[in-house]
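Encoded as structure tokens, the structure appears first; notes follow it.
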Protein chains: 2
Amino acid sequence: MNTHICLSDRPEHLNRWRQAFPTGTVVATLSALSRTTGATTLVWLHAENLPQAHIDETLLEVRELFPDIRIVVLSSTPSQKEALLALNVGASGYCHAQSTPQMLQQVATVVSNGGLWIGPQLMTRVMAAAGRIFAPEPDHPGLKQLTPRENEVALAVGRGASNREVAEQLDITERTVKAHLGAIFEKLGIRDRLQLMLFLSRSGSSS
Amino acid sequence: MNTHICLSDRPEHLNRWRQAFPTGTVVATLSALSRTTGATTLVWLHAENLPQAHIDETLLEVRELFPDIRIVVLSSTPSQKEALLALNVGASGYCHAQSTPQMLQQVATVVSNGGLWIGPQLMTRVMAAAGRIFAPEPDHPGLKQLTPRENEVALAVGRGASNREVAEQLDITERTVKAHLGAIFEKLGIRDRLQLMLFLSRSGSSS
DNA sequence: TTCCTCCCTGTACTTTGGTACAATTGTTTT
DNA sequence: AAAACAATTGTACCAAAGTACAGGGAGGAA
């Protein structure tokens, strides 16, 4: 049996949600939420006119109260930007506050079973983005022919570090950094650190 | 009532799956799958010793047969790379073929309700990747506050051009390029062309 | 042992990048 | 009209990047 709690600053706009979860509870403040008893399985966050910047803060506070809880954010003005924000701080779902009761129940089912619910458009974008980042890894005639040390230097430069900074990070002389870079340039057939950055960004230098 | 069909090249390794879905059907070939009757809600793809390259092809063929079906890929040797591959061609889920029946049922619930099921580790990576791509957008008084000319210079530098090359491309003096770059650096609060490249690559100069 | 690669460093020099100070011209805003 | 901004260029200087030439130590392979 699932228990649903909705933290909302606009309870009057929750008709759909009440329909979907007649036994659910609506609270207006975090402290009310913290006084909740019983096994809550899902917390819904409805931040209608809170500025976006506060959604993630609220969400993090909820997660402090209930570390293992799954959280779905309801938005009256959904945007991919906002969705990413929510998901990045641990939300398991993000959907329109005026979704049909059926839809809301579906979201609840997915999320409470450990799934992630985001809109299909956003899903497309996320997967495309992920694909761009992970797919390029396999090929890579480039970085593989670099020695370990050269690789470190290349990655540091890829992060935008200057020769001096690389030297400090690797605890070597700036001169040595230059030596490594020279070897890198020759091996990769490029002319300078700018081309190296392009090379890296095209070759999936993720994490 | 859900109907589950599993396309597998190693039916003998599907004990767990059979436990989870006693009423499910196991088929060995695509043509057998195509002869299926009734309302199938979920197709499971178990490609144990097919090379990775063929998983996506098989998946696409299944999608041709059942355009609206949801597909979950079962892997005996799960990898994030393979997961991405599957998800990129339209799979709704990806999990270990030897997951517990409970887990498999959970995955089925999530996926058949429109959710996406990927492992928590992969989820973390995907969200991080997505965050890196989408998050920088909000704080983006960046490129918009550049003058048209500055924008051209910035883009040229983003392609790895030197000051001299930019000057030639825009038919202006190298000195002017420096002037524009100086303005760009100050407006964006960065120190040099390397940071500019990072800024650009993080600000969705994709597409 | 000898050869080779990797890693490290030095001096010196050239090229490129970035900043300071300054000025001209044209357009837009107030 | 005056002020503000955009685009352009100049001289000069300093900092950073890259290259040339050269050498030493550690470790594996022939």
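Being a predicted model, the structure only gives us computed values, none of them experimental. Just so we're on the same page: letters track the sequence lines, and every chain starts at 1.
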Check: A/Val26 and A/Arg18 side chains under 4.5 Å, non-hydrogen atoms: yes

Presence of A/Asn163 side-chain N/O under 4.0 Å of D/dA17 phosphate oxygens OP1/OP2: yes

Nucleotide of D/dT19, D/dA7, D/dG18 approaching B/Pro148 most closely (side-chain heavy atoms): D/dA7

Base of C/dT11 paired with side chain of A/Arg175 (donor-acceptor, under 3.5 Å): yes

Nearest-nucleotide comparison on DNA chain C, the residue closer to the 5′ end among B/Leu181 and A/Asp171: A/Asp171

Pair B/Arg191 + A/Glu165: basic N to acidic O under 4.0 Å: yes

For atom CZ of B/Phe185 and atom P of C/dG17, their distance in whole Å: 10 Å

Protein-nucleotide distance (A/Glu165, atom CD; D/dA16, atom P), rounded to Å: 10 Å

Gap between atoms CD1 and P, on A/Ile184 and D/dG18 respectively (whole Å): 10 Å

Integer-rounded Å distance: D/dG18 P and A/His180 NE2: 15 Å

Nucleotide D/dA7, atom P - distance to CG of B/Asn151 in whole Å: 10 Å

Sugar-phosphate only, base, or nothing, as touched by B/Thr176 at under 4.0 Å among non-hydrogen atoms: base

A/Ile172 vs A/Arg149, side-chain contact (heavy atoms from CB on, under 4.5 Å): CA-CA, chis, key distance, verdict: CA-CA 11 Å; A/Ile172 53 179; A/Arg149 206 55 166 167; 3.6 Å; yes

side-chain contact (heavy atoms from CB on, under 4.5 Å) evaluation trace for A/Thr58 with A/Leu7: CA-CA 10 Å; A/Thr58 308; A/Leu7 173 60; 4.0 Å; yes

Of the listed nucleotides D/dA7, D/dT8, C/dC6, the one nearest the side chain of B/Ala179: D/dT8

5' priority, DNA chain D, between B/Arg149 and B/Lys178 [closest heavy atom]: B/Arg149

Degree of bending, the helix from C/dT1-D/dA30 to C/dT30-D/dA1 (end axes from five pairs; round to 10°): 40°

Distance, rounded to the nearest Å, where A/Leu196 contributes CG and D/dA17 contributes C1': 13 Å

Parallel, tilted or perpendicular: ring planes of B/Trp44 versus B/Trp17, cut at 30 and 60 degrees: perpendicular

Value in whole Å for how far the C1' atom of D/dA6 lies from CG of B/Leu170: 15 Å

Member of B/Asn151, B/Leu196, B/Thr147, B/Val157 meeting the side-chain contact (heavy atoms from CB on, under 4.5 Å) criterion with B/Ile184: B/Leu196

Under 4.0 angstrom between B/Arg191 side-chain N/O and C/dG18 OP1 or OP2: no

Donor-acceptor under 3.5 Å (A/Arg70 side chain, A/Ser92 main chain): no

Test item: B/Glu152 side-chain N/O and B/Leu170 main-chain N/O as donor-acceptor pair under 3.5 Å: no

Among C/dC6, D/dA17, D/dA6, the nucleotide that comes nearest once only the side chain of A/Lys187 is considered: C/dC6

Phosphate contact (C/dT5 OP1 or OP2) by A/Thr147 side-chain N/O below 4.0 Å: no

Residue A/Thr173, side-chain atoms from C-beta onward, closest of C/dT16, C/dT9, C/dC7: C/dT9

Nearest-Å distance for atom pair CD1/P, residues B/Ile172 and D/dG10: 12 Å

